[in-house]
A.B. asks: 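Have a look at this one.
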Amino acid sequence: MEIRVRFAPSPTGGLHIGGVRTALYNYLFAKKMGGKMLLRIEDTDQKRFVPGAEEYIIESLKWVGIQIDEGQGVGGPHAPYRQSERREIYQQYAQQLLDAGHAYYAFDTEDEIEAMRQRLQAAGAANTSYNALTRTQMRNSLTLGADETKRLMDAGTPYVVRAKIPLKEEIRFKDLIRDWQVVHANTLDDKVLMKSDGLPTYHLANIVDDHLMQITHVIRGEEWLPSAPLHVLLYKFFGWQAPQFAHLPLILKPDLLDEKGNVIEVRHGKLSKRDADEMNFPIFPLTWNGTNDNDEDITSVGYREAGYYTDALINFLALLGWNDGSDKEFFTVDELVQSFSLERVHKAGSKFDIRKAKWFNQHYLRAKSDTELAAGVVEALKRQNIACTTEKAEKIVRLMKERVTFPQEIHEQTMFLFAASETYDATAVQTKWNAEAAGLLSNFKDELTTLTDFNAEAAKHTLHVVLEKAGVKIGKVMPALRLALTGAANGPDLMQIMDILGRDETQNRIALALGKLGR
RNA sequence: GGUCCAUUCGUCUAGGGGUUAGGACGCAUCCCUUUCACGGAUGAAACACGGGUUCGAUUCCCGUAUGGACUACCA
């Protein structure tokens, strides 16, 4: 039988990084088994629908390299793949459950249900849910009888369809990650299957679609574990074979850190979209423009825009909750597909640590060719209307490659190569700029004129000659020279910087500094 | 409160009845060096606790604690 998995997000906003990992594990499993990956949009809650979210999800998956074989955006034999367009299908199956006596109509208002809970709570009941016990005291087709039920429905009274959970039944299923799960039906409640707006809840839609779309493996987040018994029961009600389940551990939110990496505040709970505006790391794959809890417009910078490479992000994410049993840290997507297995997915949740993601990014950046990185530099500068030849860009890349984590840092940290810094690092000026250094710089500047060939090697030689003549160690002038050339107290190799700057600009900047900072 | 799930360095994790409990990120120190990075070396750092079972438990079992998820006409 063909392996078929699905990723089924609801379009309620940006796809957060935990969702990306869920999609990734589905993808890796499908690829490994030679199966298919489906994308289904679970938009049965019209209140939470966010325009643009679906497109965002599709684009995000595309960016991280997760190919969808069938489903929303690509089509397929089980279309439509958007649940809001499958309304009639769910109604039909709900009716089937109703007819078989596995579901019933309920007319209770919100207030009536609340009153029941209050009553139960006051009586000291541990369980206040709408279930096999309490439904006997509520307004539903079971207590009202067929005639009254028909009368109410004919009168247009709002109703929901609830699952009729048996009082006594042991529900068991095997989770691929957590092994056997046994739950007694008396701990379940009569979940709403069809809402009063005629749309199904997740539980019904999910089971019906997974069955119809021939899903063999349901790989989803741990938050679904408590409702899995209900799902198993529904499959049984329908007389369908349930798919295999694999409930993934949650990604937990990290503690709040300051710039230095010290813990400001210990945080608990699963990582959620709401953390986006508070944590100082991306939570969405692509930049997302949305609103926060206070309905204010916010922009959350995505991993793509922050300069993360997809292979780095995938590598990092794959290892958050899974490993192959070895010390291996770097995996290509192909290698991940080869070695992935649900059995080796962890049971416990893992705290998200952006520092490791950065480390992966740095590693992948270094693996890029100079040519590729240089092209990025040229393009980025072009957007700022700064001209830069490929040759110069490659020199810059060689200068910066080992020093940065993100590609954009290459040009951001070398802007001094395109325009002399307006300011000089104040503390460095105070401690490193003095008459002696200034004098030596002046000599050096003059000496450069005599060179026939100006390059890093020649500049270095010239500097040494000047220093030897004065009987001074190199440490005396270097900080001052750096100040003059870059305005900063530290940075990449100065000889290479002079090489890129060229003789004229090097001399100009020394002269400029001499004028501004004094001799 | 109830139901369910989990628990190895700060974090991600390997391991598994007998190990100096391994690796990685991060951190610290030293080396390299014109600075800052990079790189190299070294170091600090963990089996939540209590009972069993056993010759022996971090590993198996049971409790406790802690953390987490769920407990909606949200997914």
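Source: prediction; values computed, not measured. Computation of the quantities below employed the complete heavy-atom set of this structure, encompassing side-chain atoms and omitting hydrogens, waters and symmetry-equivalent molecules. So that the names make sense, note that chain A is the first sequence line, chain B the second, and so on, each numbered from 1.
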A.B. asks: Given the C1' atoms of B:C27 and B:C12, what is the spacing between them in whole Å?
C.D. replies: 16 Å
A.B. asks: Nearest to the side chain of A:K47 - B:C74, B:A75, B:C5?
C.D. replies: B:C74
A.B. asks: In whole angstrom, give me the gap between the P atoms of B:C9 and B:A14.
C.D. replies: 12 Å
A.B. asks: What's the closest nucleotide to the side chain of A:K195 if the choices are B:C25, B:A14, B:A75?
C.D. replies: B:A75
A.B. asks: Please tabulate the protein-to-nucleotide N/O contacts below 3.5 Å involving nucleotides 39-50 of chain B, giving atom names and distances.
C.D. replies:
| unit_1 | atom_1 | unit_2 | atom_2 | d |
| --- | --- | --- | --- | --- |
| B:G39 | OP1 | A:R366 | NH1 | 3.4 |

A.B. asks: If you compare every side-chain N and O of A:R48 against the phosphate oxygens of B:A75 (OP1, OP2), does one of them come in below 4.0 Å?
C.D. replies: no
A.B. asks: Give the rounded distance in Å between these two atoms: CZ of A:R398 and P of B:A37.
C.D. replies: 24 Å
A.B. asks: In whole angstrom, give me the gap between the C1' atoms of B:U59 and B:A21.
C.D. replies: 11 Å
A.B. asks: Where the side chain of A:K347 is concerned, which of B:A6, B:C70, B:C25 is the nearest nucleotide?
C.D. replies: B:A6
A.B. asks: Under a 3.5 Å cut-off for both contacts, is B:G1 paired Watson-Crick or G-U wobble with anything, and if yes, with which nucleotide?
C.D. replies: B:U71
A.B. asks: For B:A75 and A:T44 - does any side-chain N or O of the residue sit under 4.0 Å from the phosphate oxygens OP1/OP2?
C.D. replies: yes
A.B. asks: Which residue, A:A357 or A:G475, contacts RNA chain B at a nucleotide closer to its 5' end, judged by nearest heavy atom?
C.D. replies: A:A357
A.B. asks: Nearest whole Å is fine: how far is B:C27 P from A:D353 CG?
C.D. replies: 11 Å
A.B. asks: Kindly point out which of B:A69, B:U13, B:C74 is positioned nearest to the side chain of A:D45?
C.D. replies: B:C74
A.B. asks: Looking at A:K270 and A:E222, is any side-chain nitrogen of the basic one under 4.0 Å from a carboxylate oxygen of the acidic one?
C.D. replies: no
A.B. asks: Which label fits A:F281 and A:F352: parallel for a plane angle under 30°, tilted from 30 to 60°, or perpendicular past 60°?
C.D. replies: parallel
A.B. asks: Please compare A:P226 and A:Y202 by the position of their nearest nucleotide in RNA chain B and report the one closer to 5'.
C.D. replies: A:P226
A.B. asks: The side chain of A:R344 lies closest to which of these nucleotides: B:G15, B:C70, B:G23?
C.D. replies: B:G15
A.B. asks: Can we call the ring centroids of A:F284 and A:H16 under 6.0 Å apart?
C.D. replies: no
A.B. asks: Atom CZ of A:R139 to atom P of B:C73: distance rounded to whole Å?
C.D. replies: 16 Å
A.B. asks: Would you mind pulling out the nucleotide paired to B:G39, Watson-Crick or G-U wobble, both distances under 3.5 Å?
C.D. replies: B:C31
A.B. asks: Is any side-chain nitrogen or oxygen of A:N127 closer than 4.0 Å to OP1 or OP2 of B:G2?
C.D. replies: no
A.B. asks: Rounding to the closest angstrom, what is the interatomic distance between B:U8 and B:G67 at atom P?
C.D. replies: 15 Å
A.B. asks: Indicate whether OP1 or OP2 belonging to B:C4 is found under 4.0 Å from a side-chain N or O atom of A:Q181.
C.D. replies: no
A.B. asks: Distance check, C1' atoms only: B:G10 and B:A46, in whole angstrom units.
C.D. replies: 10 Å
A.B. asks: Expressed as a whole number of Å, how far does the P atom of B:G22 sit from that of B:A37?
C.D. replies: 29 Å
A.B. asks: A:S350 side chain: which of B:C12, B:C4, B:U3 is closest?
C.D. replies: B:C12
A.B. asks: Is the shortest distance from a Lys or Arg side-chain nitrogen in A:D210 or A:R40 to a carboxylate oxygen in the other one below 4.0 Å?
C.D. replies: yes
A.B. asks: Are A:D324 and A:F331 side-chain neighbours, meaning at least one heavy-atom pair lies under 4.5 Å?
C.D. replies: yes
A.B. asks: Is it the case that B:A24 (base atoms only) and A:K356 (side chain only) share a donor and an acceptor within less than 3.5 Å, ignoring hydrogens and angles?
C.D. replies: yes
A.B. asks: For the NE2 atom on A:H464, are there more than 12 heavy atoms of other groups (residues, nucleotides or ligands in this structure) within a distance under 6.0 Å?
C.D. replies: yes
A.B. asks: Under 4.0 angstrom, heavy atoms only, what part of the nucleic acid is A:D175 near: base, sugar-phosphate, or nothing?
C.D. replies: nothing
A.B. asks: Ignoring the backbone of A:W359, work out which of B:U34, B:C74, B:G26 is nearest its side chain.
C.D. replies: B:G26
A.B. asks: Should A:H268 be listed as having a side-chain N or O under 4.0 Å from OP1 or OP2 of B:G68?
C.D. replies: yes
A.B. asks: Ignoring the backbone of A:L250, work out which of B:C12, B:G68, B:A14 is nearest its side chain.
C.D. replies: B:G68
A.B. asks: Nearest to the side chain of A:R178 - B:C73, B:A6, B:A69?
C.D. replies: B:A6
A.B. asks: Select one nucleotide: of B:A75, B:A14, B:U11, the one nearest the side-chain heavy atoms of A:W224.
C.D. replies: B:A75
A.B. asks: For B:A44, what is the paired nucleotide under Watson-Crick or G-U wobble rules, both distances under 3.5 Å?
C.D. replies: none
A.B. asks: If the P atom of B:U19 is compared with that of B:C62, how far apart are they to the nearest Å?
C.D. replies: 25 Å
A.B. asks: Rounding to a whole Å, what distance do you find between A:L230:CG and B:A75:C1'?
C.D. replies: 14 Å
A.B. asks: Using the P atom on both, measure B:C38 against B:C47 and round to a whole Å.
C.D. replies: 31 Å
A.B. asks: For B:U11, which nucleotide in any strand shown is its Watson-Crick or wobble partner with both distances under 3.5 Å?
C.D. replies: B:A24
A.B. asks: Using the ring of each side chain (for Trp, its six-membered ring), is A:W224 parallel, tilted or perpendicular to A:Y202, with breaks at 30° and 60°?
C.D. replies: parallel
A.B. asks: Nearest whole Å is fine: how far is B:G10 C1' from A:K253 NZ?
C.D. replies: 19 Å
A.B. asks: How many Å lie between CZ on A:R267 and C1' on B:G68, as a whole number?
C.D. replies: 17 Å
A.B. asks: Would you say the ring centers of A:Y364 and A:Y308 fall short of 6.0 Å from each other?
C.D. replies: no
A.B. asks: Would you say the side chain of A:H268 lies within less than 4.5 Å of the side chain of A:K253, judging by non-hydrogen atoms?
C.D. replies: no
A.B. asks: Nearest whole angstrom, please: distance from the P of B:U71 to the NZ of A:K191.
C.D. replies: 6 Å
A.B. asks: Between A:D311 and A:K368, does at least one N-O distance fall below 4.0 Å, as a salt bridge requires?
C.D. replies: yes
A.B. asks: Salt-bridged, A:E85 to A:R82, with N to O below 4.0 Å?
C.D. replies: yes
A.B. asks: For the pair made of CD in A:Q430 and P in B:U35, what is the distance, rounded to whole Å?
C.D. replies: 21 Å
A.B. asks: Examine B:C70: is either OP1 or OP2 under 4.0 Å from a nitrogen or oxygen in the side chain of A:K270? Give yes or no.
C.D. replies: yes
